[in-house]
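Heavy atoms only: backbone and side chains are in, while hydrogens, waters and symmetry mates are out.
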Amino acid sequence: MIGEMFRLLADKPDAKAGGRSISSFQAFAVSVATRVGTGNLAGVATAIAIGGPGAVFWMWVMALLGAATAFVEATLGQLYKRRNGDTFIGGPAYYITHGLHHKQMAYLFAILITLTFGLSYNSIQSNTICGAMNHAFGWNPIIVGGVLAAISLFIVFGGIHRIAKLSTVLVPIMAVGYFVLVIVIMVMNYQLIPHVFKVILANAFDIRPAMGGTFGAAIIYGAKRGLFSNEAGAGSAPNVAATADVSHPVKQGLIQSLGVFTDTLLVCSCTAFIILISGLYDSTSANGIELVQVALDSEIGALGPYFIAVAILLFAFSSIVGNYYYGEVNVRFMTKSKTAMTVYRICSAGVMVIFGAIASLDSVWTLGDICTALLAFVNLFAIIALGKYAFRLLNDYRQQKKQGVKVPSFRRSQLPEVADDLDCWD
């Protein structure tokens with residue numbers, strides 16, 4: 001259904017619904033903005049530096065598995081979304097509450113995702129931006145972090161609509177620009193492309209005793225960085241998927257699956273090809289974003305580090321404001337206090353951004369990995385329990401398409417056993 005995924009990007013909000021709901025493309029852009037960030041550059045570089053080229057293959061595997069979990073969680077996010085004034089709000093905390101009827105687990109998820117995305121991940125994005133700017137321009141990380149925090153605070157105090165508008169501008173620019181650069185490098189080094197694929201596959205399945213550690217590291221770091229990059233199954237994307245105004249929950253499920261493909265199979269692969277074509281991944285002590293800059297420097301000259309510095313600024317900054325929103329949804333789930341929301345905004349877009357500017361690379365990544373594992377465990381438990389409804393909705397959507405219905409629609413009466421748990425879909 002990949003063709004249908006692309007077609008759905010042009011869907012507009014239902015005019016009859018009124019309010020200020022965001023479109024399918026805006027929801028896609030916000031989710032891709034958070035996915036396409038540090039993980040696609042620094043994360044891929046770290047995976048290759050530690051796990052070897054084989055880690056790239058396992059990132060691809062994570063993308064294929066992740067597209068399935070992303071579909072289920074986003075569809076459930078839409079199904080169980082709630083009205084929030086003139087917009088919608090939803091996500092795992094809401095489908096755990098109203099689908100599983102487990103309030104304590106919902107609160108646990110809300111706390112974990114706020115800590116993971118709103119706080120921990122924002123320090124990783126900031127750390128990468130500041131490292132790239134320092135390597136390329138020699139700028140003081142503390143000053144860069146302070147300026148970044150000020151701009152982030154301005155954006156997040158504008159709410160989801162300001163975040164959505166920013167994402168719909170930055171995401172296409174940064175993704176297309178980065179993709180074009182990689183195509184140019186691949187054309188310049190076309191004779192090395194077969195070698196790149198050979199190295200990836202050979203290292204992914206190299207289980208000789210002497211290479212056992214490398215084989216294990218390839219799987220571990222490929223899976224970890226793949227999950228960090230595309231966030232599938234972690235329960236993040238459903239928070240923004242639920243805000244879209246669509247006629248059928250499956251529409252956002254398909255669009256979020258496309259987001260996983262865009263993130264890992266396209267953007268992550270671009271970074272991997274740059275590093276592997278350069279051949280510097282096993283001959284330099286550089287790691288993280290610096291490895292990407294060094295690799296580009298060898299391919300396109302002195303402009304390489306500067307290009308990556310600007311690219312990571314766009315990638316990671318859009319992730320900061322998107323990550324913040326994931327936390328905001330769940331803070332609102334836990335409390336209606338305006339004071340609590342203000343404190344969260346300052347901590348997420350201010351304090352943690354500055355903390356990331358001064359913290360070490362290893363400390364921010366370790367914190368992020370721990371938080372991601374805990375978060376995914378809770379969300380995967382929920383989507384396994386509720387996944388049957390996503391499959392039934394998918395069957396309904398495909399049946400309507402086969403019958404010639406151009407715009408499939410859903411009403412909660414079609415799922416009578418859960419109709420009373422749904423707030424929308426009248």
Within this structure, what is the [atom1]-[atom2] distance for the pair [X] and [Y], rounded to the nearest 0.5 Å?
{"X": "T69", "Y": "N379", "atom1": "OG1", "atom2": "CG", "value": "8.5 Å"}
{"X": "N323", "Y": "E328", "atom1": "CG", "atom2": "CD", "value": "13.0 Å"}
{"X": "S278", "Y": "N189", "atom1": "OG", "atom2": "CG", "value": "9.5 Å"}
{"X": "L265", "Y": "W60", "atom1": "CG", "atom2": "CH2", "value": "8.5 Å"}
{"X": "T271", "Y": "L266", "atom1": "OG1", "atom2": "CG", "value": "10.0 Å"}
{"X": "S257", "Y": "E4", "atom1": "OG", "atom2": "CD", "value": "12.5 Å"}

**Message:** Ring centroids only, cut at 6.0 angstrom: are F71 and F391 within range, meaning strictly under it?
**Reply:**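 When the ring centroids of F71 and F391 are compared, they turn out to be at least 6.0 Å apart.
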
**Message:** Quick check on the 6.0 Å ring-centre criterion: do F410 and Y397 meet it?
**Reply:**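 Ring-ring flag for F410/Y397: false, centres at least 6.0 Å apart.
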
Atom [atom1] of residue position [X] - does it have more than 12 heavy atoms of other residues, nucleotides or ligands inside 6.0 Å?
{"X": "F381", "atom1": "CZ", "result": "no"}
{"X": "R398", "atom1": "CZ", "result": "no"}
{"X": "L201", "atom1": "CG", "result": "yes"}

Answer yes or no: is there a side-chain heavy-atom contact under 4.5 Å between [X] and [Y]?
{"X": "L148", "Y": "I320", "answer": "yes"}
{"X": "P92", "Y": "E73", "answer": "no"}
{"X": "T75", "Y": "L79", "answer": "no"}
{"X": "K251", "Y": "V407", "answer": "yes"}
{"X": "F109", "Y": "N330", "answer": "yes"}
{"X": "Y324", "Y": "S152", "answer": "no"}
{"X": "T114", "Y": "M334", "answer": "yes"}
{"X": "P238", "Y": "Y95", "answer": "yes"}

**Message:** Is there a ring pair (Phe, Tyr, Trp, His ring centres under 6.0 Å) between F273 and F197? Walk through the geometry before answering.
**Reply:** CA-CA 9 Å; F273 289 152; F197 281 101; 5.5 Å; yes

Between [X] and [Y], which heavy-atom pair has the shortest distance, and what is it?
{"X": "I142", "Y": "N140", "result": "N-OD1, 2.8 Å"}
{"X": "K406", "Y": "K401", "result": "O-NZ, 3.9 Å"}
{"X": "Y190", "Y": "V187", "result": "CD2-O, 3.3 Å"}
{"X": "A357", "Y": "G145", "result": "CB-CA, 3.9 Å"}
{"X": "I89", "Y": "A242", "result": "C-CB, 4.2 Å"}
{"X": "A237", "Y": "Y326", "result": "CA-OH, 3.7 Å"}

**Derivation of the side chain to side chain contact (heavy atoms under 4.5 Å, CB included) call for M1 and L394** = CA-CA 11 Å; M1 300 184 75; L394 177 60; 4.0 Å; yes

**Message:** I'd like to know whether W425 forms a side chain to side chain contact (heavy atoms under 4.5 Å, CB included) with Q78, so could you lay out the CA-CA distance, the side-chain angles of the two residues, the decisive distance to 0.1 Å, and finally the verdict.
**Reply:** CA-CA 10 Å; W425 308 107; Q78 270 286 326; 3.3 Å; yes

**Request:** Apply side chain to side chain contact (heavy atoms under 4.5 Å, CB included) to the pair I113 and N239, showing each step before the final yes or no.
**Result:** CA-CA 10 Å; I113 195 171; N239 294 278; 3.4 Å; yes

**Request:** Describe, in one word, how the ring planes of F137 and W139 are oriented to each other, choosing from parallel (under 30°), tilted (30 to 60°) and perpendicular (over 60°).
**Result:**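 Geometry flag for W139 against F137: parallel rings.
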
**Asked** Taking the inter-plane angle between the rings of F333 and Y94 on a 0 to 90° scale, is it parallel (under 30°), tilted (30 to 60°) or perpendicular (over 60°)?
**Response**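 Ring orientation, 0 to 90° scale: perpendicular.
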
**Request:** May I have the step-by-step check of side chain to side chain contact (heavy atoms under 4.5 Å, CB included) for L9 and L258, ending in yes or no?
**Result:** CA-CA 10 Å; L9 289 178; L258 180 62; 3.9 Å; yes

**Request:** Might you work through the side chain to side chain donor-acceptor pair (under 3.5 Å) test for D396 and Q400, ending with a clear yes or no?
**Result:** CA-CA 6 Å; D396 173 70; Q400 291 189 49; 2.9 Å; yes

**Message:** Using only atom types and a distance under 3.5 Å, with no angle test, would you say the side chain of S126 pairs donor to acceptor with the backbone of V353?
**Reply:** yes

**Item:** Whether K81 side chain and A244 backbone form a donor-acceptor pair below 3.5 Å
**Value:** yes

